[in-house]
Amino acid sequence: MSITTNGTNGKASHTLHAYRVDGLGQRQSNSHQERVEEIFGADVFSERVMQQRLPKDVFKRLQRTILHGEPIDAALADIVAAAMKEWALERGATHYTHWFQPLTGLTAEKHDSFLTPDGHGGAITEFSGGALVQGEPDASSFPSGGLRATFEARGYTAWDATSPVFINRNGGTATLCIPTAFVSWTGVALDTKVPLLRSMDAVSEQALRILKVFGTDQGVTRVLATAGCEQEYFLVDRAHYFAREDLLACDRTLFGAKPPKGQQLEDHYFGSIPTRVIAFMSEAERELYRLGVPIKTRHNEVAPGQFEIAPIFETANVASDHQMLVMETLRRVAARHGLACILHEKPFKGINGSGKHLNWSLSTNTGVNLLDPRDETHTNMQFLVFLCAVIRAVDTHADLLRASVASAANDHRLGANEAPPAIISIYLGDMLSNIVEQLEKGGAKSTIKGGKLDLGAHALPQIPRHTGDRNRTSPFAFTGNKFEFRAVGSSQTVGWPATILNTIVADSLDYCATQLEKKVGQKFNEAKLQAAVRGLLQQIIKKHKRVIFDGDGYTEEWHREAAKRGLPNFRESVAALATLASKKNIDLFKRFRVLTRQEVESREHILLEKYIKQVMIEAETALVMGKTQILPAAIRQQTELAEAVAATAAADADASEARNALDAYIQTVNHLRNAIATLEEAVNGDHDGEILVHAKHVRDHVRPAMNALRDAADAVETCVASDLWPLPTYRAMLSIK
């Protein structure tokens, strides 16, 4: 199975051979290869499987489809489908499904059996090329942002041959899953995959123009957008999860007083993984290996009960598919260990939330990482063009990048001391920042060297020192040979931010290529090229250097500095989403054939609608819990206090202190009652029905009222006897035993 990966040697694409991973995560010797293949990618219709099962000419034609986008004719599809069916049946599959990613942010599937009646009282197995290439799910019940009316039900799924077919095992059954795109009857994209694939074509086309200018395009037929997605998540005991309506309905706690011990001691991060958790991780990894997902790392994250899993780089659409499988697998396997996996960006107030860092790069199909700076970076003019193209893209389209990670859930996380701020900026590190400064003055003449660190003990080696530190406060940071987009939310599909990133970089590469082509001309001339590149880089840096910031993004000083620089600061999602369908952005998507005007406007509508629905579900859940669980518990506590005061007074003892405590507590309970009433009023508040107005009402009235109710309920929790409190506490939930 071929996996695109970014390595420190600058090779961005190579074949990662399947290998067995034991408890230590070590590669095994060649003698274990058979066992290796049983485990890694065993349920994937991989290149190796195709080569074994398809006629040689059919395999080559299919490879041309996968690598170069050549169309699949009916005869070829029938042969591939027959081989795929036999393989799936041998592995226990009884059904097949077109597996797609509608605009719900989740995956969808409709299972069809391989069995078909033969007309003689028996059955045969059947799976045609037509069934492989195209399906027809109902398109009326998925979000469309007004693109489809309820009665307009027809939609199509189309096989994405570039993403591996796999077998999903769940509930004792096995289903052949075919990754597909999802469009309406009119051909409008109703998913995250279609625009992602279009954006990958766009960035490839423009990157090839840059390579042609430099004369480095020999043998290169495609430039691949690659991605590696780190996934943070929480685990809680399943009994606690089901005892809380907020976790069940909202995947986050709407109430919960701060525990005495949170993450103050910083003892959870990279700590010893609890036994119960490592058992869960091992099983989840084994399932993911079988699905061909190249999981590489696992560790404790900063907050108690928080963990992380991360894969090796792959092409962006495969990485997006695999990321959805990671989330589904984590949830499914957690249940077998008596745990619940929470993917919400901020499930617990007062401790770090979860992100999904999108590591992104560009690679040629011949194995060259175009974002590898190499040793003498100041002489690597091609890399510097790609670098400056990204700088220009991020500055010009900061609104789009911010909108790509906008959600009600991510609003709880962005800007806190755990995640990058909502201000989009780029961290380059010492070496690249120094080169950028040199380029602004007319030309770069040197590259800062990292050197080595002497640790001062004879038993310890001297270790290489990088030329720049890492900046965890930056939303978009250069990290060696890739960019890390750290603002992506943990529950998000990465397909949408990757689409945005590919599109804005395609726009910048188009600009750079056009400028260089004009100045260099058709005939290659080294002197002309060097002069043209220097002039282009200097111009881009002077205009767009405002987006470069290597300091602490958490500080108020940076917020003031960013405002001086004119950088946009969309502090919450409604404001960010309202920019999505601006004329600038619609023109950008149309120019690179990524999204039509209708498709852009529909996504703005869908994302705003999702924001409204998500917050309203939370608000109504908070009201139910407040009225039926928290307030009754508070009243029981009040009754017990009142009885204690009466008993004390009846015994002719001094009841003044007890009475004062009761009075103070009654005020706390009344505050809770008032907060419930205020939220109820906000939930039922009038708005004119226009989607943006409704979203603003939710933001400005419902959310503040929810926060006030939470504060009141959390204050009550600290006063109510533990045997009366109806919910599992933070103290209990954040400790995995």
Side-chain angles (χ1 to χ4, degrees), residues 6 199 203 225-230 232 313 316 319 345 355-362 370-371 373 383-384 386-407 410 413-416 418-433 435-436 468-490 492 494 496-509 540-541 543-555 558-559 561-562 565-571 573 576 579:
N6 279 357
S199 73
V203 77
T226 61
C229 313
E230 305 167 35
E232 296 172 350
F313 267 59
E345 282 73 6
K356 180 182 296 175
H357 302 173
L358 171 57
N359 295 280
W360 175 92
S361 190
L362 293 173
L370 298 175
L371 289 178
F383 161 78
L384 293 173
F386 278 97
L387 175 72
C388 288
V390 174
I391 293 171
R392 179 187 179 276
V394 173
D395 185 35
T396 305
H397 301 291
D399 58 333
L400 263 182
L401 269 185
R402 174 65 181 91
S404 77
V405 297
S407 72
N410 219 11
R413 170 180 163 265
L414 291 183
E418 60 186 85
I423 304 165
I424 300 296
S425 64
I426 294 179
Y427 168 80
L428 293 180
D430 296 343
M431 183 267 285
L432 287 184
S433 291
I435 289 177
V436 164
D469 203 346
R470 295 183 64 190
N471 189 335
R472 66 187 299 271
T473 72
S474 174
F476 201 81
F478 188 80
T479 53
N481 57 6
K482 57 185 170 58
F483 280 97
E484 183 181 16
F485 190 18
R486 300 185 68 254
V488 182
S490 55
Q492 244 187 301
V494 297
W496 180 231
T499 296
I500 300 293
L501 196 47
N502 291 340
T503 305
I504 66 175
V505 172
D507 173 59
S508 270
L509 291 174
I540 288 176
I541 291 166
K543 186 173 181 180
H544 299 286
K545 66 179 181 180
R546 65 176 188 165
V547 80
I548 300 170
F549 178 67
D550 286 357
D552 186 351
Y554 292 158
T555 63
W558 165 235
H559 283 248
E561 173 62 25
R565 296 187 187 188
L567 298 179
N569 184 5
F570 300 105
R571 295 178 182 272
S573 288
T579 69

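Keep in mind that the numbers below use all heavy atoms, side chains included, and drop hydrogens, waters and symmetry copies.
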Subject >> By salt bridge (Lys or Arg N to Asp or Glu O under 4.0 Å) - contacts of Asp399 (at least two apart) >> reply: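 Partners of Asp399 under the salt bridge (Lys or Arg N to Asp or Glu O under 4.0 Å) test: Lys584.
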**OP:** Could you tell me which residues satisfy salt bridge (Lys or Arg N to Asp or Glu O under 4.0 Å) with Arg571, sequence neighbours excluded, listed by chain and number?
**Re:**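 If we apply the salt bridge (Lys or Arg N to Asp or Glu O under 4.0 Å) test to Arg571, skipping adjacent residues, there are no hits.
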Spatial distance of atom [atom1] ([X]) from atom [atom2] ([Y]) [nearest 0.5 Å]:
X      : Y      : atom1 : atom2 : answer
Asp395 : Ile504 : CG    : CD1   : 10.0 Å
Phe478 : Ser361 : CZ    : OG    : 7.5 Å
Leu428 : Lys545 : CG    : NZ    : 13.5 Å
Ile391 : Ser425 : CD1   : OG    : 12.0 Å
Phe549 : Ile426 : CZ    : CD1   : 13.5 Å
Trp360 : Thr479 : CH2   : OG1   : 12.0 Å

**OP:** Please confirm whether the backbone N or O of Val405 pairs with a side-chain atom of Asn410, one donor and one acceptor, at under 3.5 Å?
**Re:**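 Yes; judged by distance alone, with no hydrogens or angles, the pair exists.
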Original post:
Is Glu484 reaching over with its side chain to a backbone N or O of Ala477, donor-acceptor style, under 3.5 angstrom?
Top reply: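 Not confirmed, Glu484 side chain does not pair with Ala477 backbone.
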Subject >> Step-by-step salt bridge (Lys or Arg N to Asp or Glu O under 4.0 Å) determination, Arg392 to Asp507 >> reply: CA-CA 9 Å; Arg392 179 187 179 276; Asp507 173 59; 3.5 Å; yes
Original post:
Which heavy atom in Ile540 sits nearest to a heavy atom in Cys388, and how many Å separate them?
Top reply: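 What the structure gives for the nearest pair is CG2-O, 3.6 Å.
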Subject >> Partners meeting ring pair (Phe, Tyr, Trp, His ring centres under 6.0 Å) with Phe476 (sequence neighbours left out) >> reply: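 Residues passing ring pair (Phe, Tyr, Trp, His ring centres under 6.0 Å) with Phe476: Phe483, Phe485.
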